[in-house]
Amino acid sequence: MATTTPSRGRRRAPSRMTRAAGKAAALQKPRVILALLLLLALTSVMLLDGYLRAEVGGDERVRSNASSSKVPDKVLDGGPILSFRGGEAQSQSVPEKTIALTFDDGPNPTWTPQILKILEENDVPGTFFVVGSMVSRYPSIVKDLVNQGNEIGIHTFTHVDLSYQSDDRIAREMDQTQLALAGAAGITTTLFRAPYSSEADAIDNYSWPVYKKLGEEGYTSVFVDTDSDDWKRPGVSKIIKWATPSKNKGASVLFHDAGGERSQTVKALGTYIKKMKAKGYTFTTISGAIRQTESANQQANGQTGQTAQNGQQPGSEQSEQAGGQVPGGQQGQQGQQQGQNGQLGQSGQAGGVNSLQAAHRTATGTTLYEGKALVAAVAVAEWTVPGLATGLAVVGVAVMGRFGMMLILARRHYRQRNKRRFSWGPTVTQPVSVIVPAYNEKECIANTLESLAKSTHPIEIIVVDDGSTDDTSQIARDAARSFGMTNVRVIRQENAGKPAALNNGVRSASYDIVVMMDGDTVFEPDAVHQLVQPFADPEVGAVAGNAKVGNRNTIIGAWQHIEYVMGFNLDRRMYDLLRCMPTIPGAIGAFRRDAVLEVGGMSEDTLAEDTDITIAMHRGGWRVVYQEHARAWTEAPASLKQLWSQRYRWSYGTMQALWKHRKSLTDKGPSGRFGRVGMPLVVIFQIITPVFAPLIDVFTAYSMIFIDFKAALLAWLAVLGIQLVCAAYAFRLDREKYRYLLMMPLQQLAYRQMMYLVLIHSCITALTGGRLRWQKLKRTGEVGTPAGVS
């Protein structure tokens with residue numbers, strides 16, 4: 001057994017490793033936090049989008065047939081316009097032969113612009129009672145609506161029956177709609193119409209307190225005189241008939257510009273306007289109707305002349321009463337309206353908008369900026385959530401396609417390699433060199449050497465101690481003596497990392513074929529013999545073995561066991577047939593020594609030296625294959641922290657290796673084959689889809705909570721069932737026990753989320769820069785000889 005020692009006077013390994021680990025930990029924390037913040041942001045965006053679509057916090061209850069015993073008769077018998085001056089309810093009607101066209105449930109990107117066009121062509125204003133969530137989703141339509149001279153009222157934010165809601169919910173429904181209006185068009189409004197309301201005589205004991213409360217806050221509630229019932233889609237003629245007031249009465253007429261298919265409304269509206277004009281009707285907004293009524297009352301009381309002398313337009317008292325303070329505590333100021341001789345219809349200013357829009361207030365200060373922020377956040381949600389849904393659909397199809405391809409190719413690989421007549425060529429019997437890089441492996445190195453002592457193939461063993469600070473070297477020498485092994489060399493070097501340790505071993509190897517394994521891994525007796533048989537084919541430059549999780553009897557171990565059998569070994573069968581194997585596992589792999597030296601050895605450029613060297617072998621023109629019968633047992637990380645550290649190194653290292661070898665995309669021959677087949681498969685299925693996969697669980701949980709629990713659960717179980725079928729087939733091929741698959745549902749819920757965060761962490765590191773050294777995982781040595789593995 002040969003031993004070399006590091007030169008004296010050099011910096012000692014422990015201090016360098018300690019400083020590197022400390023620096024790496026310091027760099028990781030902000031990136032982990034950023035990954036968590038990204039997940040939180042996506043969840044928040046989903047909740048916002050769900051709230052806008054009434055999936056989150058939606059309430060479809062609608063009250064009917066309730067008593068109205070507590071509602072004053074003068075309100076029930078009064079007109080459709082209800083205000084509270086000085087806390088006292090006052091009703092107003094629309095003047096005779098006057099129509100206030102009102103539209104509910106918008107804006108809608110399809111129907112509202114068509115209705116606006118008809119109103120503009122006929123020089124008729126409308127009053128639109130808008131839903132706040134729709135305003136925040138389609139702000140440009142609201143801005144066009146206001147600029148055209150139409151009036152806006154509130155129809156709540158999520159179109160809920162307010163009689164069922166708490167005071168806090170009512171306040172939110174109103175305030176959020178005001179903010180949406182501020183962000184979309186720079187205004188707020190004093191008009192309100194409750195969802196599911198109709199005529200004033202439908203006010204009941206439950207809704208009356210709501211109208212009183214809102215009235216005291218400065219809102220004017222608007223009801224209906226004539227309902228077109230266009231939402232029933234009864235036909236154009238019936239819509240026109242039902243919308244026509246009787247006996248020349250004035251009316252607040254209800255149409256809808258959203259909430260369903262409104263083509264009949266669009267067709268009926270133009271004809272209706274022309275018909276009513278022919279009958280001598282005029283059209284106005286709700287505020288216009290209020291002013292006309294006030295003007296008529298003032299004239300009847302002999303007050304018109306005095307109002308004109310004061311330079312105020314009739315009706316301004318009502319406007320000031322209703323709008324001196326913007327509802328919901330938002331401060332606003334109505335501009336002075338100018339009039340002459342008390343005549344209506346002349347231009348004036350009301351809070352910076354047309355006089356027919358006296359209910360509007362100009363949004364300023366905090367209200368304006370909060371409104372713009374709301375509209376911006378909704379715009380992000382409107383793009384993000386559908387984009388994610390589309391992405392998940394694509395990912396779902398890709399994953400299902402991959403599962404299908406894996407099953408077909410894995411079966412083909414198994415049948416091909418297990419035929420009685422299958423052979424790589426003449427049996428490989430020449431000795432090989434087994435390289436064991438080790439750093440602080442005192443718990444495991446004896447077990448590793450004991451398993452190699454039972455090898456059925458002639459080997460030499462080179463243990464490269466990479467500056468261990470424990471007794472790894474001495475334990476290795478003692479174990480070799482106790483097992484009677486004369487074929488063991490222990491080489492000590494100053495700590496330089498795993499790639500340097502492997503390169504040292506390759507340079508020191510005596511034979512043409514080198515087997516590489518980890519210091520915490522144990523081989524089955526025939527593992528080396530099986531592993532080197534593919535080298536009978538002169539085109540083969542490297543061979544991947546079958547790595548097994550030895551400590552699988554814990555939850556974390558069982559999760560990784562499933563991943564190894566299904567995600568790694570089933571994949572390798574597919575990649576083998578496609579001739580684009582991306583990674584030879586560090587736990588068990590074999591190489592032609594000359595080929596390794598030819599491609600420059602194990603590189604320190606990436607954290608995934610195994611992936612790096614594998615791709616380099618492809619680019620060097622060598623074939624890389626998978627040997628399922630060469631089995632090794634490795635100790636997987638036993639804690640979530642250790643697992644995170646390992647998978648972070650793997651995923652980030654894989655990204656580094658792919659970037660390093662990106663030129664293979666344009667190469668010819670085996671290198672180009674890997675670049676155009678293997679590299680896209682790795683990017684899609686080891687980076688992109690794993691990032692999206694956990695979001696499937698998030699969407700599923702979201703759907704279960706807010707949309708349809710049963711349908712979402714069945715969909716999730718269907719996907720899980722497909723994965724279980726694939727996993728069961730992989731277990732069958734590897735002759736593994738099926739009982740571990742009982743852990744798969746929990747793995748999908750917990751393990752995938754962690755892998756998502758690891759990948760996000762890796763992507764952030766790749767984008768922001770950063771580098772980690774070879775990280776040592778804490779080992780227990782619980783994986784003994786293969787015979788003891790259950």
Side-chain angles (χ1 to χ4, degrees), residues 16-32 34-35 437-441 444 466-467 495-503 516-521 544 547 549 556-557 559-560 563-564 567-568 571 582-589 602-616 634-661 682-683 686-687 690-691 751-779:
R16 182 167 64 175
M17 286 298 294
T18 301
R19 286 194 297 270
K23 183 178 179 181
L27 289 173
Q28 286 184 41
K29 288 182 181 179
R31 292 168 182 151
V32 172
L34 190 56
Y439 174 75
N440 289 350
E441 299 286 0
C444 307
D466 186 43
N495 176 257
K498 187 176 180 180
L502 289 170
N503 286 333
M516 299 181 185
M517 66 183 299
D518 289 335
D520 60 352
T521 302
V549 174
I556 297 177
W559 289 346
Q560 293 174 84
E563 182 183 30
Y564 271 60
F568 295 161
D571 264 352
T583 304
I584 294 177
I588 177 169
M602 308 298 288
S603 174
E604 297 182 0
D605 294 339
T606 74
L607 295 177
E609 71 287 333
D610 45 7
T611 299
D612 194 350
I613 187 65
T614 306
I615 299 176
T634 187
E635 182 178 337
S639 69
L640 292 177
K641 182 179 179 181
Q642 293 281 302
L643 180 61
W644 180 289
S645 179
Q646 182 195 66
R647 298 311 167 86
Y648 172 49
R649 178 175 63 84
W650 285 5
S651 59
Y652 183 40
T654 298
M655 294 178 191
Q656 289 178 311
L658 293 176
W659 181 253
K660 175 182 176 180
H661 296 284
V682 174
V683 170
Q686 291 188 29
I687 298 177
V691 168
Y751 189 73
R752 282 204 315 193
Q753 314 312 319
M754 180 177 177
M755 293 302 102
Y756 161 82
L757 292 175
V758 168
L759 273 171
I760 292 295
H761 185 187
S762 301
C763 292
I764 293 171
T765 303
L767 293 173
T768 60
R771 181 175 175 82
L772 297 178
R773 295 185 61 80
W774 181 24
Q775 295 174 324
K776 175 69 174 68
L777 300 180
K778 183 178 180 180
R779 302 302 184 185

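These figures come from a predicted structure and were not determined experimentally.
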Please check if the side chain of [X] supplies one atom and the backbone of [Y] the other of a donor-acceptor pair under 3.5 Å.
{"X": "Asn503", "Y": "Met602", "value": "yes"}
{"X": "Ser651", "Y": "Arg647", "value": "yes"}
{"X": "Thr606", "Y": "Ala608", "value": "yes"}
{"X": "Gln560", "Y": "Val549", "value": "no"}
{"X": "Thr614", "Y": "Ile584", "value": "yes"}
{"X": "Asp466", "Y": "Ala501", "value": "no"}

Inset, instruction - Could you pull out the closest heavy-atom pair between Pro582 and Gln686, with the gap in Å? - result: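 The answer is CG-NE2, 4.1 Å.
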Legend entry - Heavy-atom pair of closest approach, residues Pro585 and Ala544: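 Taking Pro585 first and Ala544 second, the nearest heavy atoms are CD-CB, 3.7 Å.
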Inset, instruction - Starting from the C-alpha separation in whole Å, work towards a yes-or-no answer on side chain to side chain donor-acceptor pair (under 3.5 Å) for Thr583 and Thr611. - result: CA-CA 4 Å; Thr583 304; Thr611 299; 2.8 Å; yes
Legend entry - Contact check, side chains of Glu609 and Lys498, non-hydrogen atoms, under 4.5 Å: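 Yes, their side chains come closer than 4.5 Å.
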Legend entry - Thr521 vs Ile588, side-chain contact (heavy atoms from CB on, under 4.5 Å): CA-CA, chis, key distance, verdict: CA-CA 8 Å; Thr521 302; Ile588 177 169; 5.7 Å; no
Legend entry - Residues Lys660, Asp612: salt bridge by 4.0 Å N-O rule: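 Yes, Lys660 and Asp612 are salt-bridged.
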